[in-house]
Amino acid sequence: MEITFRPFREQDIPTLTALWNEVLTDGVAFPGEVLYDAPAFYAYMQEQTAVNCMLADGEIAGYYILHPNNIGRCSHVANASYLMDKRFRGQHLGNKLVSHSIAAARTAGFRGMQFNAVVSENYSALHIYQAAGFKIVGTIPGGFRVKDGRYVDMYVMYLPLA
């Protein structure tokens with residue numbers, strides 16, 4: 001399988017929106033609950049520092065968005081979100097997605113990357129992030145409500161880039 005990366009294109013929006021909404025519907029990883037329509041999602045993508053698609057043999061297998069974690073005096077720290085098409089999960093492609101985003105964050109001049117809400121039960125993501133060098137720097141007990149109504153811990157994770 002040939003893996004390549006490229007910036008998102010407007011014609012990708014239906015696929016990217018569907019993947020995002022699927023994660024929201026699953027209710028175990030992202031904090032949002034309101035689904036996007038394509039025009040609103042396109043506007044959201046336009047606000048990002050970077051949106052890069054990972055292609056497997058030319059087909060979108062996943063993507064990430066990259067942006068400042070906060071404003072002003074904190075804008076040198078990046079934040080990212082990752083999405084993988086379910087058909088491509090379990091093939092060790094998440095590592096490539098995260099590695100590419102770290103390189104993109106460095107290129108964009110960020111001095112670190114912070115994840116604010118990594119769900120403690122998202123074992124695949126935790127494994128990938130920790131393998132990439134991210135450390136858990138904080139725990140919010142019961143900070144995430146999963147779809148089944150339970151409250152589970154969430155982690156703040158950080159990776160210095162400078």
Side-chain angles (χ1 to χ4, degrees), residues 1-9 11-32 35-36 41 44-45 48-69 77-140 143-148 150 152-162:
M1 179 179 341
E2 180 186 15
I3 301 298
T4 57
F5 286 86
R6 65 161 171 77
F8 93 100
R9 302 173 183 155
Q11 61 264 30
D12 298 329
I13 290 299
T15 300
L16 304 186
T17 306
L19 290 173
W20 190 279
N21 285 341
E22 183 175 67
V23 172
L24 293 181
T25 300
D26 287 347
V28 295
F30 284 9
L35 303 182
Y36 280 92
F41 198 68
Y44 180 56
M45 293 298 98
Q48 305 304 310
T49 302
V51 179
N52 286 305
C53 298
M54 180 175 62
L55 308 176
D57 294 332
E59 182 178 3
I60 295 175
Y63 69 100
Y64 66 85
I65 64 171
L66 179 72
H67 52 261
N69 188 59
V77 176
N79 183 279
S81 296
Y82 306 94
L83 296 100
M84 185 71 65
D85 186 311
K86 286 182 179 180
R87 296 173 299 141
F88 292 93
R89 292 183 188 170
Q91 298 180 38
H92 305 287
L93 298 176
N95 296 324
K96 296 178 188 308
L97 203 59
V98 171
S99 293
H100 194 276
S101 74
I102 291 168
R106 282 191 171 108
T107 298
F110 289 108
R111 297 179 48 85
M113 288 183 76
Q114 178 177 323
F115 301 147
N116 302 315
V118 180
V119 180
S120 62
E121 294 181 350
N122 191 346
Y123 305 116
S124 296
L126 284 166
H127 176 75
I128 291 167
Y129 301 158
Q130 289 173 324
F134 284 85
K135 303 287 186 226
I136 295 171
V137 296
T139 301
I140 294 91
F144 191 92
R145 181 178 39 82
V146 291
K147 188 174 183 174
D148 68 10
R150 290 178 301 118
V152 300
D153 294 351
M154 67 182 191
Y155 302 129
V156 176
M157 300 186 79
Y158 184 74
L159 175 71
L161 299 178

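Excluded from the calculations below are hydrogen atoms, water molecules and symmetry mates; all remaining heavy atoms, backbone and side chain alike, are included. None of these values were measured; they are calculated from a predicted model.
- Residues Val23 and Ala29 come closest through the heavy atom pair CG1-CB, 4.1 Å.
- Between the Asp26 side chain and the Val28 main chain, no donor and acceptor come within less than 3.5 Å of each other.
- Side-chain rings of Tyr36 and Tyr44 approach one another, their centers coming within less than 6.0 Å.
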> Please walk me through it: do Leu93 and Ile3 pass side chain to side chain contact (heavy atoms under 4.5 Å, CB included)?
Replying inline: CA-CA 9 Å; Leu93 298 176; Ile3 301 298; 3.6 Å; yes
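- In plain terms, the two heavy atoms of Gly62 and Leu97 that are nearest each other are C-CD1, 4.2 Å.
- Distance CG/Leu35 to CZ/Phe41: 11.0 Å, rounded to 0.5 Å.
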> Please walk me through it: do Ile60 and Met54 pass side chain to side chain contact (heavy atoms under 4.5 Å, CB included)?
Replying inline: CA-CA 6 Å; Ile60 295 175; Met54 180 175 62; over 6 Å; no
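- One N or O on the side chain of Asp12 and one on the backbone of Arg9 form a donor-acceptor pair closer than 3.5 Å.
- Among Val118, Thr139, Ile140, the one residue that satisfies the side-chain contact (heavy atoms from CB on, under 4.5 Å) test with Met154 is Ile140.
- Contact between Ala80 and Leu66 at its shortest, heavy atoms only, is CB-CD1, 4.2 Å.
- Contact check for Ser81 versus Phe30: side-chain heavy atoms found under the 4.5 Å cut-off.
- The aromatic rings of Phe134 and Phe115 lie parallel to each other, with less than 30° between the two planes, well short of the 60° mark.
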>> Let's go through Glu121 and Leu126 carefully: what are the C-alpha distance in whole Å and the side-chain angles of both, what is the deciding distance for side chain to side chain contact (heavy atoms under 4.5 Å, CB included) to 0.1 Å, and is it a yes or a no?
In response: CA-CA 9 Å; Glu121 294 181 350; Leu126 284 166; over 6 Å; no
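- Within 6.0 Å of atom CZ in Arg145, 12 or fewer heavy atoms from other residues, nucleotides or ligands are found, so the atom counts as exposed in its surroundings.
- Taking CD of Gln114 as the reference point, atom CG of Asn69 lies at 4.0 Å (rounded to 0.5 Å).
- Separating the OH atom in Tyr158 from the CG atom in Asn116 is a distance of 12.5 Å, to the nearest 0.5 Å.
- Two residues are said to be in side-chain contact when any heavy atoms from C-beta on lie closer than 4.5 Å; Pro68 and Thr49 meet this criterion.
- In terms of heavy-atom proximity, Leu159 sits nearest to Ala132 at CD1-O, 3.9 Å.
- Contact detail for Met113 and Ser101: the closest heavy-atom pair is CE-OG, 4.0 Å.
- Side chain of Asp57 to main chain of Glu2: a donor-acceptor pair is present (N/O by atom type, distance under 3.5 Å, no hydrogens or angles).
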> Stepwise, does the side chain to side chain contact (heavy atoms under 4.5 Å, CB included) test hold for Phe88 with Asp85?
Replying inline: CA-CA 6 Å; Phe88 292 93; Asp85 186 311; 3.7 Å; yes
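- Between Leu16 and Cys53 the shortest side-chain heavy-atom distance falls below 4.5 Å.
- For the atom pair CD of Glu22 and CG of Leu83, the computed distance is 9.0 Å after rounding to the nearest 0.5 Å.
- Under a 3.5 Å cut-off, the side chain of Ser99 and the backbone N or O of Lys96 do not form any donor-acceptor pair.
- In the displayed structure, Arg89 atom CZ is contacted under 6.0 Å by more than 12 heavy atoms of other residues, nucleotides or ligands.
- In this structure, CZ on Arg6 lies 9.5 Å from CG on Asn52, to the nearest 0.5 angstrom.
- Of all heavy-atom pairs between Tyr64 and Ala104, the closest is OH-CB, 3.3 Å.
- Here the straight-line distance linking atom NE2 of His100 with atom CG of Asn95 works out to 14.5 Å at 0.5 Å rounding.
- The aromatic ring centroids of Phe8 and Tyr63 lie 6.0 Å or more from each other.
- No donor-acceptor pair under 3.5 Å is formed between the side chain of Lys135 and the backbone N or O of Met157.
- In summary, the aromatic rings of Tyr82 and Tyr129 are positioned with their centroids under 6.0 Å apart.
- In this structure, the side chains of Thr25 and Lys147 come closer than 4.5 Å at one or more pairs of heavy atoms.
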